[in-house]
Amino acid sequence: MSQASLYERVGGLGFFEQLADRFYAGIATDPVLFPLYPQGQDLAPARRRLALFLVQYWGGPTTYLAERGHPRLRARHTPYTIGIRERDCWLHHMRVAIDASGAGDAERQELHAYMNLAADAMVNAETASELSPGVGR
Ligand code: HEM
């Protein structure tokens, strides 16, 4: 028998809904990231898309695919300018959400490792952000 998917190990859909809730609660207060989100005050649709994507990625139901098609995440992010600063802000909120999630150590580590790589892959404006003052980190 192969090991249970991370989706199963963390308890399924509710875990990812709560993770996305926590993440987007952070986004709602973020002066760098909040303006990027196209639907104004209403982050609920974006929150749902993130939760369903993560569910699918970690081995749960493929509702995301049914509703949105193939993820093509990097292509879907090209409308938004994502430099080092935006990546770091995104990762900050995701780290807080993962650490508050109640997942076990191994699962938290897997989630952090994936998010670090995925967030790097979404950067599409590195040079511009590196040139702006006070960014770095
Ligand atoms: C690195 C910084 C990132 C920024 C600034 C960013 C920003 C955004 C924005 C502005 C949207 C549009 C909101 C909406 O869905 O209406 C979006 C969509 C989305 N993002 Fe990100 N994102 C980042 C990284 C990531 C990463 C690392 C993942 C996955 C692990 C991710 C997953 C998604 C998903 C699933 C959607 C919805 C795609 C769709 O079905 O249309 N994002 N993101």
Side-chain angles (χ1 to χ4, degrees):
M1 278 282 289
S2 59
Q3 197 189 20
S5 65
L6 183 135
Y7 175 79
E8 289 169 332
R9 283 183 276 140
V10 296
L13 179 63
F15 174 88
F16 291 97
E17 286 176 338
Q18 207 174 62
L19 187 73
D21 279 357
R22 288 204 173 98
F23 172 77
Y24 270 104
I27 294 293
T29 67
D30 190 306
V32 172
L33 294 183
F34 184 65
L36 287 184
Y37 285 81
Q39 282 162 310
Q41 300 295 314
D42 186 12
L43 293 171
R47 189 168 64 216
R48 174 178 164 79
R49 290 191 274 271
L50 177 63
L52 290 180
F53 168 78
L54 293 173
V55 160
Q56 173 173 308
Y57 179 85
W58 291 105
T62 55
T63 316
Y64 180 89
L65 184 69
E67 290 189 4
R68 304 290 294 164
H70 188 278
R72 299 182 304 107
L73 274 195
R74 189 171 156 83
R76 285 193 206 265
H77 284 77
T78 53
Y80 316 110
T81 301
I82 303 179
I84 300 303
R85 184 174 191 212
E86 289 76 13
R87 178 202 65 186
D88 288 350
C89 291
W90 192 99
L91 274 174
H92 166 74
H93 297 297
M94 187 52 81
R95 284 187 186 125
V96 168
I98 291 170
D99 286 342
S101 71
D105 286 351
E107 286 73 24
R108 279 211 317 278
Q109 273 177 33
E110 273 186 73
L111 289 163
H112 282 306
Y114 166 74
M115 297 299 178
N116 288 340
L117 290 177
D120 270 346
M122 238 47 84
V123 171
N124 57 23
E126 198 159 352
T127 311
S129 254
E130 276 174 358
L131 290 175
S132 32
V135 179
R137 276 203 274 179

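Both counts, for ligands and for their atoms, begin at 1 and track the order of listing. Below, all heavy atoms of this structure are taken into account, side chains as well, without hydrogens, waters or symmetry copies.
By the 30° and 60° cut-offs, the orientation of the rings of Tyr37 relative to Tyr24 is perpendicular.
Note: an N/O pair closer than 3.5 Å links Arg49 and ligand 1 by distance alone. Of the polar atoms of Arg68, at least one N or O is found under 3.5 Å from an N or O of ligand 1, judged by distance alone.
For ligand 1, the atoms lying closer than 4.0 Å to a non-hydrogen atom of Leu36 are 5 (C), 10 (C). Every atom of ligand 1 with a heavy atom of Leu33 under 4.0 Å away is listed here by number and element: 5 (C). Heavy-atom proximity to Tyr114, at under 4.0 Å, picks out these atoms of ligand 1: 30 (C). Residue-ligand proximity, Ala119 to ligand 1, at heavy-atom distances under 4.0 Å covers atoms 1 (C), 27 (C). Ligand-side atoms of ligand 1 in range of Ala118: 27 (C), 30 (C), range being under 4.0 angstrom from any heavy atom. Remark: ligand 1 atoms within the under-4.0 Å shell around heavy atoms of Phe53 are 29 (C), 35 (C).
Contact annotation for Tyr64 and ligand 1: only side-chain heavy atoms (C-beta onward) come within less than 4.0 Å of the ligand. Under 4.0 Å from ligand 1, the heavy atoms of Ile82 that appear belong solely to its side chain. At a heavy-atom distance under 4.0 Å, no atom of Val123 approaches ligand 1.
The protein heavy atom nearest to atom 9 (C) of ligand 1 is Tyr37 CE2, 3.5 Å.
Here the side chain of Glu8 pairs a donor or acceptor atom with the backbone of Ser5 at under 3.5 angstrom. The backbone N or O of Arg49 sits nowhere less than 3.5 Å from a side-chain atom of Arg68 that would complete a donor-acceptor pair. At least one donor-acceptor pair under 3.5 Å links the side chain of Arg74 to the backbone N or O of Val123. Judged by distance alone, the side chain of Arg76 and the main-chain N or O of Pro71 form a donor-acceptor pair under 3.5 Å. Remark: side-chain polar atoms of Arg22 are not paired, donor with acceptor, to backbone N or O of Val96 under 3.5 angstrom.
There is a path of hydrophobic side-chain contacts, each under 4.5 Å, that joins Val32 to Ile82. In this structure, Trp58 is a member of the same hydrophobic cluster as Leu13, with clusters built from ILVMFWY side-chain heavy atoms closer than 4.5 Å.
Counting only protein atoms, the N, O or S atoms lying less than 2.8 Å from atom 21 (Fe) of ligand 1 are His77 NE2, ordered by chain and residue number.
Taking all atoms of both residues into account, the shortest heavy-atom contact from Leu52 to Glu67 is CD1-OE1, 3.8 Å. Scanning all heavy atoms of the two residues, the minimum distance from Gly26 to Thr29 falls at O-OG1, 2.8 Å. Across all non-hydrogen atoms, the minimal contact from Met94 to Phe23 is N-CD1, 3.5 Å.
The existence of a salt bridge linking Arg85 and Asp88 is excluded, since no basic side-chain nitrogen approaches an acidic carboxylate oxygen closer than 4.0 Å.
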